[in-house]
Amino acid sequence: MSRNRYLIASGAAAILGLTAGCASLPAAVSAEEAKPAAAQAGAEDAKAQAARAAETQGRALLDAFIGNDAAAFLAVLPENLKRQFGVKEFELSRAELDRTLGKPVSYQFDTALAHPLLQILLWKVSFERRNAVGETLRQEAVFRVIAGSVDGETRIVAFNFL
């Protein structure tokens, strides 16, 4: 019985000794090996720049919306969206929101949703209106901006209140 234990123990030690490995780190990384890391860092920088550009554009939209400035709002939009959403549409949507939610008074950036190709940004927009007895009612709605890269430039592709 003790001989079997000895064989099992020496067999396990041999297996552990033969399969244990030693790894060493290379002294220097070659330029060829560094390319994927550099490309990944460049892609992350581009994503961060796109996110900042989309957030800046979203803030400009909301500043113009709260200020009831159709020209400033439209100045942020790319040409294809300006054809779909002009001064008339701005005024109609602003009037409808004034009627249903009240006057927009402030906004706060909430979050950016993860997406492989687009920047999806959400803001909380606060509205105020008076009820029938004159009390101020405050409520909030979510404003979404979707931006993407078009010809290497970050542009808004869609926006709406949810």
Side-chain angles (χ1 to χ4, degrees), residues 16 18-129 136-162:
L16 288 174
L18 292 173
T19 59
C22 181
S24 63
L25 297 174
V29 176
S30 71
E32 199 60 38
E33 293 170 330
K35 281 184 181 177
Q40 183 177 358
E44 288 173 4
D45 286 346
K47 276 187 172 183
Q49 284 180 332
R52 283 191 299 275
E55 187 172 344
T56 299
Q57 293 173 13
R59 288 183 187 282
L61 283 179
L62 285 166
D63 286 338
F65 184 75
I66 288 173
N68 201 17
D69 187 345
F73 191 92
L74 297 175
V76 180
L77 299 179
E79 289 304 316
N80 64 324
L81 284 181
K82 285 180 188 177
R83 288 190 294 272
Q84 299 170 21
F85 192 89
V87 173
K88 180 181 175 185
E89 289 78 15
F90 177 88
E91 290 170 352
L92 288 171
S93 64
R94 175 64 197 247
E96 181 62 21
L97 286 169
D98 281 352
R99 187 182 66 73
T100 57
L101 298 175
K103 179 183 180 208
V105 293
S106 66
Y107 66 88
Q108 176 184 350
F109 179 75
D110 192 41
T111 192
L113 301 179
H115 192 280
L117 300 174
L118 300 171
Q119 310 300 318
I120 303 173
L121 307 172
L122 303 175
W123 280 267
K124 182 171 47 175
V125 181
S126 297
F127 295 84
E128 287 184 354
R129 62 185 171 93
T136 300
L137 300 176
R138 188 174 181 90
Q139 64 186 87
E140 298 172 330
V142 175
F143 183 71
R144 176 177 64 177
V145 171
I146 301 173
S149 180
V150 179
D151 298 328
E153 187 179 316
T154 301
R155 295 187 189 158
I156 293 174
V157 295
F159 60 91
N160 64 312
F161 278 95
L162 302 176

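The shown structure was predicted, so the numbers you read here are calculated from the model rather than taken from an experiment.
L61 CG to I156 CD1: the interatomic distance, rounded to the nearest 0.5 Å, is 4.0 Å. Here L122 contributes atom CG and Q108 contributes atom CD; the two are 12.5 Å apart, rounded to the nearest 0.5 Å. In this structure, the separation between CD on E128 and CD on E140 is 10.5 Å, given to the nearest 0.5 Å.
Of all non-hydrogen atoms in A158 and L81, the two that sit nearest each other are N-CD1, 4.2 Å. The two residues A141 and F127 make their nearest non-hydrogen contact at CB-CE1, 3.9 Å.
Screening residues 143-156 for side-chain hydrogen bond (donor to acceptor under 3.5 Å, both in side chains) gives R144-N160 as the qualifying pairs, with residues at least two apart or on separate chains. Note on residues 71-80: pairs passing salt bridge (charged side-chain N to carboxylate O under 4.0 Å, His left out), not counting sequence neighbours, are E79-K82. Annotation: side-chain hydrogen bond (donor to acceptor under 3.5 Å, both in side chains) contacts involving residues 60-69, sequence neighbours excluded, comprise D63-Y107. Residue pairs meeting the side-chain hydrogen bond (donor to acceptor under 3.5 Å, both in side chains) criterion with at least one partner in residues 84-95, sequence neighbours excluded, are R94-D98. Among residues at least two apart or in separate chains, ring-ring contact (aromatic ring centres under 6.0 Å, His included) pairs with a member in residues 52-73 are F65-F161, F73-F85, F73-F90, F73-F159. Screening residues 113-125 for side-chain hydrogen bond (donor to acceptor under 3.5 Å, both in side chains) gives no qualifying pairs among residues at least two apart or on separate chains.
By the side-chain contact (heavy atoms from CB on, under 4.5 Å) test, A112 is found to be paired with F109, L121, residues two or more places apart in sequence or in another chain being considered. Residues satisfying the salt bridge (Lys or Arg N to Asp or Glu O under 4.0 Å) test with R129, not counting sequence neighbours, are none. Applying the side chain to side chain donor-acceptor pair (under 3.5 Å) criterion to E55, with sequence neighbours excluded, gives R59. S106 meets the side-chain contact (heavy atoms from CB on, under 4.5 Å) test with S126, R138; sequence neighbours excluded. Qualifying side-chain contact (heavy atoms from CB on, under 4.5 Å) partners for T56, counting only residues two or more places apart in sequence or in other chains: none. Scored by the side chain to side chain donor-acceptor pair (under 3.5 Å) test, R83 finds no partners at all (sequence neighbours excluded).
Counting heavy atoms from C-beta outward, L101 and V125 have side chains that stay 4.5 Å or more apart. Side-chain atoms of L113 and L118, non-hydrogen and from C-beta on, never get closer than 4.5 Å to each other. Put simply, the side chain of D110 does not reach to within 4.5 Å of the side chain of V142, judged on heavy atoms.
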